[in-house]
Protein chains: 2
Amino acid sequence: MGRTPPHPEVSQFDLQQVLEALVDPVRRSIVTQLDAAAEDVKCGAFDMPVSKSTATHHFKTLREAGLIRQYYVGTSRMNALRRAEMDEAFPGLLDALTTRQARGGLAGHTG
Amino acid sequence: MGRTPPHPEVSQFDLQQVLEALVDPVRRSIVTQLDAAAEDVKCGAFDMPVSKSTATHHFKTLREAGLIRQYYVGTSRMNALRRAEMDEAFPGLLDALTTRQARGGLAGHTG
DNA sequence: CATCAAGTTTGACAGCGGTCGTACTTCCGC
DNA sequence: GCGGAAGTACGACCGCTGTCAAACTTGATG
């Protein structure tokens, strides 16, 4: 397998593709966790209710949409949120989705 | 048929449902046209590449997600974007999707 | 080299959702 | 009341996508 998988440039970002990536709850959770982490996270470290192969599929979808950047460290694949680039392409979009309202509904206002 | 179809309240808005509504290009186009119109628009007045029954389906999806408000005027069904309420529930979301970047890609900056 | 850990790839499957056509309802105008 | 216009409801179809298991690749460790 290639060490560095293909990543789109900002100019190639496509809203349709980004939304299709973000509409899945599992993938949106990945983005949220990544946003909260402020540190690159390896695939295995995410809280996800799916099998490894499904997880791989989700990471690929996010990567191809431009939402995350992936690189290997040993056998671990690290994931970084491409925040700044997304903000450049679609200002406010990630902000709108990482808000507390967006994450947990309107019920809780803890923390 | 009921004259006033059911509309969710702001407190019932669900991000998942809203995103599922907005991920469809036809529906996003409806929202965009509605946002640009600044006037209520009847169903038949939209530019849509689908049949009437499919259009009905899309309007229903948007309505149930809370994105639009619908009411009858004669035999015509009028549609209004629930901008303020959406902004209240998910600040910045509609803004992010009605931007010129969001609408047409990065190429054009006309009008 | 042997072994294990971390992901990937492939193939298959199931369910959801966008699509249409047809039949139906409702309202307007004559 | 009649006919047409505007949507809706229903049923069917089909493709897409999220899911998994199993086999594989790659790298670290001893």
Side-chain angles (χ1 to χ4, degrees), chain A residues 1-7 14-34 37 39-65 67-80, chain B residues 1-7 14-34 37 39-65 67-80:
Chain A
M1 77 185 80
R3 195 125 70 302
T4 308
H7 289 79
D14 175 47
L15 178 64
Q16 185 59 36
Q17 199 176 351
V18 170
L19 287 179
E20 283 169 4
L22 290 172
V23 78
D24 185 280
V26 175
R27 287 193 290 262
R28 206 160 60 252
S29 168
I30 293 175
V31 169
T32 299
Q33 291 178 52
L34 225 33
E39 276 274 349
D40 298 1
V41 182
K42 54 183 249 183
C43 290
F46 287 89
D47 182 21
M48 284 201 278
V50 295
S51 68
K52 283 207 295 180
S53 49
T54 299
T56 296
H57 165 65
H58 286 313
F59 284 117
K60 181 182 179 187
T61 301
L62 288 170
R63 187 189 66 233
E64 291 180 345
L67 280 157
I68 64 174
R69 188 173 298 278
Q70 295 190 295
Y71 58 96
Y72 277 99
V73 172
T75 96
S76 293
R77 196 164 218 177
M78 303 302 295
N79 301 274
Chain B
M1 73 187 80
R3 194 122 73 303
T4 308
H7 290 80
D14 174 47
L15 178 64
Q16 185 59 36
Q17 199 176 351
V18 171
L19 287 179
E20 283 170 3
L22 289 172
V23 77
D24 185 280
V26 174
R27 286 194 290 263
R28 205 160 62 252
S29 168
I30 292 175
V31 169
T32 299
Q33 291 178 51
L34 225 32
E39 276 276 349
D40 298 1
V41 182
K42 53 184 249 183
C43 290
F46 286 89
D47 183 20
M48 284 200 279
V50 296
S51 70
K52 283 206 296 181
S53 50
T54 300
T56 295
H57 166 65
H58 285 313
F59 285 116
K60 182 182 180 187
T61 302
L62 287 170
R63 186 188 68 233
E64 291 180 347
L67 281 157
I68 63 173
R69 188 173 297 279
Q70 294 191 297
Y71 59 96
Y72 277 99
V73 172
T75 96
S76 293
R77 195 163 221 177
M78 304 301 297
N79 302 274

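Reminder, nothing fancy here: chain letters follow the sequence lines and each chain counts from 1.
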Checklist entry - With His57(B), which residues qualify under side chain to side chain donor-acceptor pair (under 3.5 Å), at least two apart? => result none

Checklist entry - Taking only residues two or more places apart in sequence or in another chain, which ones pass side chain to side chain donor-acceptor pair (under 3.5 Å) with Ser29(B)? => result Gln33(B)

Can you tell me the distance, in whole Å, between the [atom1] atom of [X] and the [atom2] atom of [N]?
X	N	atom1	atom2	answer
Tyr71(A)	dT26(D)	OH	C1'	18 Å
Phe46(B)	dA6(D)	CZ	P	15 Å
Gln16(B)	dG18(D)	CD	P	11 Å
Phe59(B)	dA9(D)	CZ	C1'	17 Å
Met48(A)	dA6(C)	CE	P	13 Å

In a table with atom names and distances, give each donor-acceptor pair under 3.5 Å that connects a side chain of residues 42-51 of chain B to protein atoms at least two apart or in another chain.
from	atom 1	to	atom 2	distance (Å)
Ser51(B)	OG	Ser53(B)	OG	3.3
Ser51(B)	OG	Thr54(B)	N	3.4
Ser51(B)	OG	Thr54(B)	OG1	3.2

Checklist entry - Applying side-chain hydrogen bond (donor to acceptor under 3.5 Å, both in side chains), which residue pairs with at least one partner in residues 19-28 of chain B are found, sequence neighbours left out? => result Gln16(A)-Arg28(B), Gln16(B)-Glu20(B), Arg27(B)-His58(B)

Next on the checklist: Which nucleotide wins on minimum distance to the side chain of Tyr72(B), given the candidates dG7(D), dG7(C), dG27(D)?
Outcome noted: dG7(D)

Checklist entry - Which sits closer to the 5' end of DNA chain D, Arg63(B) or Thr75(A), going by the nucleotide each is nearest to? => result Arg63(B)

Next on the checklist: Mind checking if Ser76(B) touches a base, just sugar-phosphate, or nothing, with heavy atoms under 4.0 Å?
Outcome noted: sugar-phosphate

Checklist entry - How would you label the contact of Lys42(A) with the nucleic acid (heavy atoms, under 4.0 Å): base, sugar-phosphate, or nothing? => result sugar-phosphate

Checklist outcome for this item: Sorted by chain and residue number, the side chain to side chain contact (heavy atoms under 4.5 Å, CB included) partners of Lys52(B) (sequence neighbours excluded) come out as none

Name the pairs: protein N/O against N/O of nucleotides 17-20 of chain C, kept only if under 3.5 Å.
from	atom 1	to	atom 2	distance (Å)
dG18(C)	OP1	Arg27(B)	NH2	2.8
dG18(C)	OP2	Arg27(B)	NH1	3.2
dG18(C)	OP2	His57(B)	NE2	2.9
dT19(C)	OP2	His58(B)	NE2	2.4
dC20(C)	OP2	Ser51(B)	N	2.8
dC20(C)	OP2	Ser51(B)	OG	3.2
dC20(C)	OP2	Thr54(B)	OG1	3.0

Checklist outcome for this item: Shortest non-hydrogen pair, Arg69(B) vs His7(B), comes out as CA-NE2, 3.4 Å

